[in-house]
Amino acid sequence: MANYVERVIELCKKNNPGELEFHQTVEEVLTSLAPVMDANPQYEECALLERLVEPERGVTFRVVWVDDEGKVQVNKGYRYQFNSAIGPYKGGLRFAPNVYPGIIKFLGFEQIFKNSLTGLPIGGGKGGSDFDPNGKSDAEVMRFCQAFMTELYRHIGPDTDVPAGDLGVGAREIGYLFGQYKRITDRFDGGVLTGKGIPYGGLLGRTEATGFGIVWYAEEMLKANGEEIKDKVVAISGFGNVSWGTAWQLQRLGAKLVTISGPDGYIYDPDGISTDEKVAYLLELRASGKNICAPYAEKFPNAKFYAGKKPWGVQQDEGIKVDMFIPCAMQNDVHMEHAQQIVDGGCKFYCEGANMPTTNDALQFLMEKCVAVGPAKAANAGGVACSCIEMGQNSGHTVFQHEDVYAQLHQIMKNIYNACAEAGEKYYGNKNALVQGANIAGFERVAQAMMAQGLV
Ligand code: 2IT
């Protein structure tokens, strides 16, 4: 049956040539599922994995807009609707210059399992564009978003497909996208997009939900191994939305965050990025639109800026021990040599925050050497879980309170952790086999739904 998994991985590579990130995710997920295939031959008989790796639908489209100089710009737009077995397609939109089908498909495929892990009724999808919002004016971003939605609107709906933000798509972009959807359709379909602003249907707590959830998941992982998060020294990458939410929750739980990073290098703050002022400053840095983190060290002079370096070597650079690393920036941020640095420095816990931040070989190495590794599709599922709560708020024509959202999110993260640990224990004899456990627990629910719904 392991043969079955290998065959589908090969098939997927052949059918999606050159889409390396997609190959990587499919390989990582399907490999974990081998023991489930052994125990359930009916899955092979109905070609379940072949169906899973093929999106139900994908659209690519032209996005035409005019920049501030009056020049006509043309970008590519995408929406891959991967799996609707357990609910409407749900997943973010990514606007970044490196976006191509391999990135949107890896994200869409991951989203199937992540959304299933939340226990909520949401299927998997993802979209985006190769548009780069960095350095664009507000008016340019608005015109781009309007042009993008002028095509996308016909493929989405509150019970069909519900996009949200991802890299390069925040509250501002969601606002422009929503405005254009409403203008075209003449419907206030609040639940057609999530991550909306608070005045028009957004969920209190959605902005920090991903980061809060990551830290709550990491807390469970530590607890299960007899450790507490309070006073732990933590290093993260990135300085965007996810990093900010993670920093804030680490602060709330009394951990000491010592790094953030950007494309320009990384910041080491020996005093900890642990005050309200410092956490709030991360938002300012991001809002500057310059995509650099160096100004942090000017604002807080005790901090040091390491130009051109990643934070994975901070233990060696500073002669300190880090208890947990949490990559929060982007895919394939942690390679084999970085994993080696993390382990050599004495770190025992690693929890992914961003989507697929670790290459497959580095992930394998960390799983062997660390006490526990938290996988992104479980740890960062709090964001999309709150998106689903936002959909419920909108369809119920109501407003949920902050504290209720936090309480629900906290419980969801505990449930997700337990589902991963139980599946790890059941199929791999190890409660710390969370990477495999997340894939299996996410898969099982989708598989059961697909089996029940016949050959579609
Ligand atoms: O990767 C993710 O889960 C997201 N970008 C959020 C998806 C969502 O629909 O809230």
Side-chain angles (χ1 to χ4, degrees), residues 21 25 78-84 86-96 99 103-129 152 156-171 173-174 177-178 190-197 201-203 205-214 217 238 240-246 327-331 333 352-357 374-394 405 408-409 412-413 416 438 442:
E21 295 84 355
T25 310
Y78 304 94
R79 186 75 183 167
Y80 282 97
Q81 299 175 329
F82 247 98
N83 195 296
S84 61
I86 62 170
Y89 310 108
K90 181 83 196 85
L93 299 170
R94 177 174 292 195
F95 293 170
V99 161
I103 286 191
I104 302 298
K105 285 193 203 163
F106 112 65
L107 290 163
F109 187 69
E110 286 271 289
Q111 202 83 46
I112 303 172
F113 304 90
K114 181 194 307 195
N115 294 4
S116 167
L117 280 168
T118 65
L120 298 168
I122 36 179
K126 203 86 185 189
S129 172
L152 187 68
I156 63 176
D159 296 307
T160 307
D161 182 355
V162 184
D166 192 84
L167 297 184
V169 180
E173 289 74 17
I174 293 292
L177 291 163
F178 186 73
V192 73
L193 290 170
T194 62
K196 297 181 295 298
L203 182 77
R206 173 65 187 89
T207 320
E208 63 268 30
T210 308
F212 273 34
I214 291 166
Y217 186 90
N241 192 43
V242 174
S243 305
W244 163 74
T246 301
C328 292
M330 66 185 121
Q331 72 279 355
D333 202 11
E352 296 184 325
N355 290 315
M356 201 172 74
K377 63 173 74 64
N380 76 18
V384 76
C386 283
S387 276
C388 190
I389 297 172
E390 182 172 332
M391 289 160 66
Q393 168 177 279
N394 299 143
V405 174
Q408 270 198 65
L409 174 60
I412 288 169
M413 297 318 298
I416 294 175

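Whatever order the structure lists ligands and atoms in, that order sets their numbers, starting from 1. Keep in mind it's a predicted model, so treat the numbers as computed, not measured.
Residue K126 approaches ligand 1 through these ligand atoms, each under 4.0 Å from one of its heavy atoms: 1 (O), 2 (C), 4 (C), 5 (N). Taking every non-hydrogen atom of Q111 and a distance limit under 4.0 Å, the qualifying atoms of ligand 1 come out as 1 (O), 2 (C), 3 (O), 7 (C). Interface of A164 with ligand 1, defined as ligand atoms under 4.0 Å from a residue heavy atom, comprises 8 (C), 9 (O), 10 (O).
Among all protein heavy atoms, the one lying closest to atom 10 (O) of ligand 1 is S387 OG, 2.5 Å. Among all non-hydrogen protein atoms, the one lying nearest atom 9 (O) of ligand 1 is K90 NZ, 2.6 Å. Protein heavy atom in closest approach to atom 7 (C) of ligand 1: G92 N, 3.6 Å.
Side-chain contact annotation: N355 with E110, donor-acceptor N/O pair under 3.5 Å absent.
Side-chain atoms of T118 do not come within 3.5 Å of backbone N or O of K114 as any donor-acceptor pair. A donor-acceptor pair is defined here as one N or O able to donate and one able to accept, closer than 3.5 Å; no such pair exists between the side chain of N83 and the backbone of G123.
Contact annotation: the side chain of K105 approaches that of F82 to within less than 4.5 Å [non-hydrogen atoms, C-beta and beyond]. Side-chain contact between P88 and T160 is absent, with no heavy atoms from C-beta onward closer than 4.5 Å. P163 is listed as a side-chain neighbour of L152, based on a closest heavy-atom distance under 4.5 Å.
Shown are E390, Q393, R206, K90; of these, the side-chain hydrogen bond (donor to acceptor under 3.5 Å, both in side chains) with T194 is made only by K90.
At a 4.0 Å heavy-atom cut-off, ligand 1 touches N355 through the side chain alone. The side chain of K114, and not its backbone, has at least one atom closer than 4.0 Å to an atom of ligand 1 (non-hydrogen atoms only; side chain from C-beta on). Of the heavy atoms in R206, only side-chain atoms (C-beta onward) come closer than 4.0 Å to ligand 1.
Of the N or O atoms in G165, one or more lie within a sub-3.5 Å distance of an N or O in ligand 1.
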